[in-house]
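Below, each value reflects all heavy atoms present in this structure, side chains not excepted, and no hydrogens, waters or symmetry copies. Throughout, a chain's letter reflects where its sequence line sits, starting with A, and its residues are numbered from 1.
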Amino acid sequence: MHELALAEAVLSAAREVAEREGLERVTKVAVRLGALQRISVPTFEFCVNEVRPGAGSKLAEADVQVEIEPVELACRPCGRHFGIEQANALEGDRAEAVHFIPELVHAFIACPDCASVDFEVVKGRGVLIASIEGEGGHGA
Amino acid sequence: MHELALAEAVLSAAREVAEREGLERVTKVAVRLGALQRISVPTFEFCVNEVRPGAGSKLAEADVQVEIEPVELACRPCGRHFGIEQANALEGDRAEAVHFIPELVHAFIACPDCASVDFEVVKGRGVLIASIEGEGGHGA
Amino acid sequence: MVHDLDPRPSVIRDRLSGVARVVCVSAGKGGVGKSSVASTLALLGAEQGMAVGLLDLDLTGPTDHVILGARLGFPSEEYGIDPERHAGISFLSVAHFLGMDAAALRGGDVTNTLLELLAIARWGALDALVIDMPPGLGDTALDVHRYLPKAAHLVVSTPSRLACESVRRCLSLLSKQGAPVLGVVENMKAKADDSTEVAELAAAFGLRHLGSLPRDPDLESALGTPERVRATAFASALRPIATEIFGS
Amino acid sequence: MVHDLDPRPSVIRDRLSGVARVVCVSAGKGGVGKSSVASTLALLGAEQGMAVGLLDLDLTGPTDHVILGARLGFPSEEYGIDPERHAGISFLSVAHFLGMDAAALRGGDVTNTLLELLAIARWGALDALVIDMPPGLGDTALDVHRYLPKAAHLVVSTPSRLACESVRRCLSLLSKQGAPVLGVVENMKAKADDSTEVAELAAAFGLRHLGSLPRDPDLESALGTPERVRATAFASALRPIATEIFGS
Ligand SMILES: Nc1ncnc2c1ncn2[C@@H]1O[C@H](COP(=O)(O)OP(=O)(O)O)[C@@H](O)[C@H]1O
Ligand SMILES: Nc1ncnc2c1ncn2[C@@H]1O[C@H](COP(=O)(O)OP(=O)(O)O)[C@@H](O)[C@H]1O
Ligand SMILES: [Mg+2]
Ligand SMILES: [Mg+2]
Ligand SMILES: [Mg+2]
Ligand SMILES: [Mg+2]
Ligand code: NI
Ligand code: NI
Ligand SMILES: [Zn+2]
Ligand SMILES: [Zn+2]
């Protein structure tokens with residue numbers, strides 16, 4: 001469950017934002033999980049609850065909404081957009097490597113049109129905070 | 001006048017676009033000159049006319065509009081936006097180095113708040129085609 | 001109110017909260033011995049009873065696993081990933097994930113990989129984390145300064161004018177950044193070589209010349225076997241420098 | 001209809017239209033002798049009566065000007081910039097613009113610098129343009145493949161397992177890209193060294209082992225004086241490889 005470390009990062013970043021913006025409590029944290037990293041929504045929700053700080057913290061009651069963002073890769077030389085099929089086809093150690101470090105996809109996938117390994121991960125890389133909402137304090 | 005080479009690049013790119021989009025002629029090419037590179041509008045207009053292909057070409061009549069884009073740099077560590085004063089203060093060999101290769105600004109300028117050399121050139125780097133317009137052919 | 005925020009930078013300080021000091025082995029130049037120095041330094045720290053970590057940040061050309069003879073294969077994961085315990089040190093490299101494959105990484109990918117490693121690795125309590133830096137002055141050098149601003153640099157150069165040329169630019173960058181520099185180590189000094197280039201380079205930046213490591217023909221055959229690496233003349237010359245760095 | 005278009009890529013082919021072949025000296029690894037091989041190769045081409053250009057693309061650690069003893073300072077400009085004429089070759093390096101200063105460049109800055117150089121440099125008619133590549137598998141390696149897809153690679157390695165480890169990843173990338181590879185040159189071979197690592201590496205990728213260059217203690221003192229560089233044992237061993245590459 002290395003996902004626990006990423007869930008902690010999400011809560012830590014949300015707490016930082018709450019402090020910076022002077023919120024009394026965070027009401028909602030929307031998380032996007034890039035499909036490339038293959039973290040499931042239930043797994044991540046479980047991880048968030050494992051590491052969530054207890055009563056009294058600004059994050060105790062936050063509604064953490066997790067959704068998957070599909071993979072979109074864009075080939076730099078030829079402009080082709082691709083990725084969903086290729087990412088789904090990753091198996092075994094390759095899938096595991098990309099689960100830990102999504103950039104390693106560059107070792108395993110190439111553009112279906114021009115075979116280039118020079119592509120951008122436009123969407124669906126890893127764990128991202130889509131938005132944070134809160135209330136109370138001067139930043140509400 | 002190394003600017004002639006960049007003017008050629010602009011016309012070459014415009015011709016490529018015209019061919020790809022099936023235009024009969026290019027009517028307008030809007031060029032933005034990043035202030036960092038210190039190319040003056042009259043100089044660049046002169047260069048474009050020096051290298052402009054003659055009658056019969058798709059570019060012979062194109063209205064090439066050149067404008068200066070101010071410099072905007074953004075410090076990655078601290079987020080501060082800056083650049084205009086610092087770029088204007090460059091002199092002598094430093095100004096000349098940046099005139100040839102705008103990225104060399106990273107050797108000469110630092111964030112006024114945190115002294116970091118890790119900044120992004122958000123705007124005003126060098127020669128960019130803002131837009132191309134044309135008519136005739138199937139792409140009109 | 002906040003949109004598309006990368007959560008990883010926020011957790012890096014926590015992850016390194018048990019790490020007493022971070023030492024980057026830097027040069028700007030390739031092939032001067034950064035990886036040999038970084039790996040051997042970590043081994044010598046462990047020998048001296050320190051808890052030492054080694055992170056190979058030469059993301060497209062990792063080699064520390066070869067020097068250490070470390071097993072490749074995924075590290076174990078619990079509340080994050082646990083660096084591999086090997087030869088008395090805690091070791092993490094992109095090679096653990098990549099094996100023998102090759103991934104070319106553009107700058108943004110380098111930054112992402114570095115942030116991911118820093119966000120998920122659990123180093124625990126360490127007296128020192130040694131970071132093996134890649135050659136060049138690029139994303140890794142800038143990101144280390146940005147995300148690990150307290151990291152101190154041990155700069156390696158050989159006596160060659162080609163190395164000094166690049167190492168000078170590295171020192172110039174570190175100096176502009178105001179990064180702490182522990183000093184300069186001269187590597188691959190031939191017995192007969194009485195050149196003073198590296199000493200002058202250190203002096204030009206007001207830095208200490210921490211010592212010279214001999215060009216050691218026995219280092220190559222020792223690679224892959226930590227106890228043999230520790231027994232080389234190379235390691236012997238590095239030992240007092242290690243004592244100083246880890247003791248300071 | 002078109003917005004924010006970078007005009008530079010469009011003119012690169014024109015700029016190189018007089019260049020018969022582009023040879024990149026690559027390795028992935030730093031310190032294996034890419035710059036020494038690239039610069040000496042260019043000198044040997046000139047010696048053989050060829051019109052040769054040398055472009056140093058190690059943008060944050062340029063060293064070819066030191067090897068060649070070339071003057072720094074801005075190149076002359078006319079319809080673009082004219083590479084410096086030095087020791088019979090046409091030479092261009094970021095060091096011409098930067099002098100002794102240091103600019104750390106993130107990936108996007110590397111790409112921009114490379115595109116700017118390729119867009120403004122007037123090489124004229126050349127039998128060969130030799131490109132000295134930086135270490136690592138990053139933006140420069142990807143951009144060379146993208147913008148100079150016909151460039152052929154001369155890959156350099158030393159016999160060390162650390163070099164072979166990184167050079168293998170470089171060969172693996174070149175092979176995935178389908179880039180032309182001329183073969184592998186073994187550098188810094190000691191007289192007594194009968195290791196077969198580099199030969200095996202070449203064979204594993206179906207490539208020719210083009211020859212071995214001795215570790216030459218006289219190379220260092222020859223640096224900066226082209227006629228002395230050409231007179232080293234290092235250059236002597238490279239000469240037949242140069243003949244083959246420039247003749248082919
Ligand atoms: N003191 C030394 N004596 C002999 N060989 C050395 C010494 N230091 C490094 N080497 C060798 O030099 C090469 C470059 O060293 P490496 O540690 O990989 O440098 P870097 O990490 O700076 O690229 C390797 O083949 C290494 O085994
Ligand atoms: N055959 C050789 N004999 C002795 N020294 C060499 C030889 N080839 C390269 N060198 C030295 O090794 C170091 C690395 O060479 P360099 O050309 O800078 O490699 P790279 O460009 O791959 O980083 C330099 O100090 C150079 O002078
Ligand atoms: Mg190394
Ligand atoms: Mg390494
Ligand atoms: Mg080099
Ligand atoms: Mg070089
Ligand atoms: Ni996991
Ligand atoms: Ni000019
Ligand atoms: Zn493609
Ligand atoms: Zn700043």
S.K.: Is the shortest heavy-atom distance from the side chain of Val127(B) to the side chain of Pro7(D) under 4.5 Å?
M.R.: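 When only atoms from C-beta onward are counted, Pro7(D) and Val127(B) do touch, with a gap below 4.5 Å.
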S.K.: After noting the C-alpha distance and the side-chain angles of Asp14(D) and Glu8(B), does the key distance pass the side chain to side chain contact (heavy atoms under 4.5 Å, CB included) rule?
M.R.: CA-CA 10 Å; Asp14(D) 273 8; Glu8(B) 271 187 358; 5.7 Å; no
S.K.: Need one label for Leu117(D): side chain, backbone, both or neither, based on atoms under 4.5 Å from any heavy atom in chain B.
M.R.: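 Leu117(D) touches chain B through side-chain heavy atoms alone.
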S.K.: Compare all side-chain heavy atoms of Glu103(B) with those of Leu59(D) and state whether any distance is below 4.5 angstrom.
M.R.: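 Sidechains of Leu59(D) and Glu103(B): no contact.
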S.K.: Which of the residues Leu5(D), Asp82(D), Val11(D), Asp6(D) is involved in the greatest number of heavy-atom pairs with chain B at under 4.5 angstrom?
M.R.: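 Going by pairs under 4.5 Å, I would pick Leu5(D).
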S.K.: By a 4.5 Å heavy-atom criterion (distance strictly below it), what part of Leu105(D) contacts chain B: side chain, backbone, both, or neither?
M.R.: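 For Leu105(D), the side chain is the part near chain B, not the backbone.
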S.K.: Find out whether Asp4(D) and Arg32(B) are in side-chain contact, i.e. whether some heavy atom of one side chain is under 4.5 Å from a heavy atom of the other.
M.R.: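 A side-chain contact under 4.5 Å exists here.
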S.K.: So for Asp93(B), is it side chain, backbone, both, or neither that comes closer than 4.5 Å to the heavy atoms of chain D?
M.R.: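 Looking at Asp93(B), backbone and side chain both touch chain D.
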S.K.: Applying side chain to side chain contact (heavy atoms under 4.5 Å, CB included), run through Asp118(B) and Arg106(D) and close with a yes or a no.
M.R.: CA-CA 8 Å; Asp118(B) 182 13; Arg106(D) 286 190 180 269; 2.8 Å; yes
S.K.: NE2/His3(D) to CD1/Ile129(B) distance, rounded to the nearest 0.5 angstrom?
M.R.: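 The NE2 atom of His3(D) sits 12.5 Å away from the CD1 atom of Ile129(B).
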S.K.: Which atoms of Tyr79(D) are under 4.5 Å from chain B, going by heavy atoms: the side chain, the backbone, both sets, or neither?
M.R.: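 Both backbone and side chain.
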S.K.: What part of Val17(B) gets closer than 4.5 Å to chain D, counting heavy atoms only: side chain, backbone, both or neither?
M.R.: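 Side chain only.
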S.K.: Heavy atoms, side chains only, cut-off 4.5 Å: are His96(D) and Phe100(B) in contact?
M.R.: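 No, too far: nothing below the 4.5 Å cut-off.
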S.K.: Check whether Glu116(D) gets within reach of chain B through its side chain, its backbone, both or neither, counting any heavy atom under 4.5 Å.
M.R.: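 Glu116(D) touches chain B through side-chain heavy atoms alone.
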S.K.: With the side chain counted from C-beta on, respond yes when Leu98(D) and Ile101(B) share a heavy-atom pair under 4.5 Å apart, and no when they do not.
M.R.: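 Contact flag for Leu98(D)/Ile101(B) side chains = no.
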